[in-house]
Amino acid sequence: MVKERLVELSGLIQIVNTTHDSAIKALNADFSDFEDAMQYYTALENKCAFLITRNTKDFKKAKNIRVLTSSQFCKLFVK
């Protein structure tokens, strides 16, 4: 069941690559969690409109991208 849901989801999203540059920015960032910083800089590098996360508080320092929970995103964009 999980695999089928992931296949469905893959039709709605785009999986993007990360780069060495994003990793260096993440290492030097003022984020408390490296993985959050990687997600943030990868999203910026790929010009993503949104970063969707369960913990929006982890991205309080995020600029130039809208950070939403999945519920917030669905309320705004899923009919």
Side-chain angles (χ1 to χ4, degrees):
M1 180 161 159
V2 172
K3 185 176 178 181
E4 291 85 12
R5 297 298 293 209
L6 289 173
V7 169
E8 287 176 30
L9 182 61
S10 70
L12 301 172
I13 63 169
Q14 179 182 1
I15 299 170
V16 297
N17 293 318
T18 194
T19 65
H20 175 80
D21 196 40
S22 290
I24 297 302
K25 288 178 182 176
L27 286 168
N28 292 307
D30 189 22
F31 274 75
S32 60
D33 185 80
F34 174 70
E35 288 84 5
D36 291 341
M38 280 295 295
Q39 291 173 31
Y40 173 69
Y41 285 103
T42 298
L44 286 181
E45 185 170 289
N46 286 279
K47 298 176 176 57
C48 295
F50 303 98
L51 197 152
I52 307 206
T53 179
R54 286 185 289 188
N55 294 315
T56 57
K57 65 180 173 63
D58 292 343
F59 295 92
K60 286 184 180 179
K61 297 179 182 183
K63 296 178 182 172
N64 304 317
I65 191 166
R66 195 163 174 193
V67 180
L68 302 170
T69 65
S70 58
S71 295
Q72 291 169 323
F73 180 82
C74 287
K75 285 177 186 174
L76 289 172
F77 298 102
V78 178
K79 306 270 183 217

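- Under the 4.5 Å side-chain contact rule for hydrophobic residues, F50 and L76 share a cluster.
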Q: Go through the steps for E45 and T19 under the test side chain to side chain donor-acceptor pair (under 3.5 Å), then give the verdict.
A: CA-CA 9 Å; E45 185 170 289; T19 65; 2.7 Å; yes

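- You'll find the side chain of T53 stays beyond 4.5 Å of the side chain of D58, heavy atoms only.
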Q | Full working for side-chain contact (heavy atoms from CB on, under 4.5 Å) between I65 and C48 | A | CA-CA 7 Å; I65 191 166; C48 295; 4.1 Å; yes

Q) Between T56 and L68, does a side-chain contact (heavy atoms from CB on, under 4.5 Å) hold up when you go through it step by step? A) CA-CA 6 Å; T56 57; L68 302 170; 5.7 Å; no

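- Hydrophobic cluster membership is shared by I24 and F34, with clusters built from Ile, Leu, Val, Met, Phe, Trp and Tyr side chains linked at under 4.5 angstrom.
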Q. Yes or no on side-chain contact (heavy atoms from CB on, under 4.5 Å) for T69 and I52, after CA distance, side-chain angles and deciding distance?
A. CA-CA 5 Å; T69 65; I52 307 206; 6.0 Å; no

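- Side-chain N or O atoms of Y40 include one that pairs as donor or acceptor with a backbone N or O of K63 at under 3.5 Å.
- With M38 as the fixed residue, the side chain to side chain contact (heavy atoms under 4.5 Å, CB included) test singles out one of T18, L27, D33: T18.
- Side-chain atoms of E4 come within 3.5 Å of backbone N or O of M1 as a donor-acceptor pair.
- A perpendicular orientation is assigned to the rings of F59 and F31, their planes being inclined by more than 60° (bins at 30° and 60°).
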**Q.** Test log, rule side-chain contact (heavy atoms from CB on, under 4.5 Å), inputs L51 and R66
**A.** CA-CA 6 Å; L51 197 152; R66 195 163 174 193; over 6 Å; no

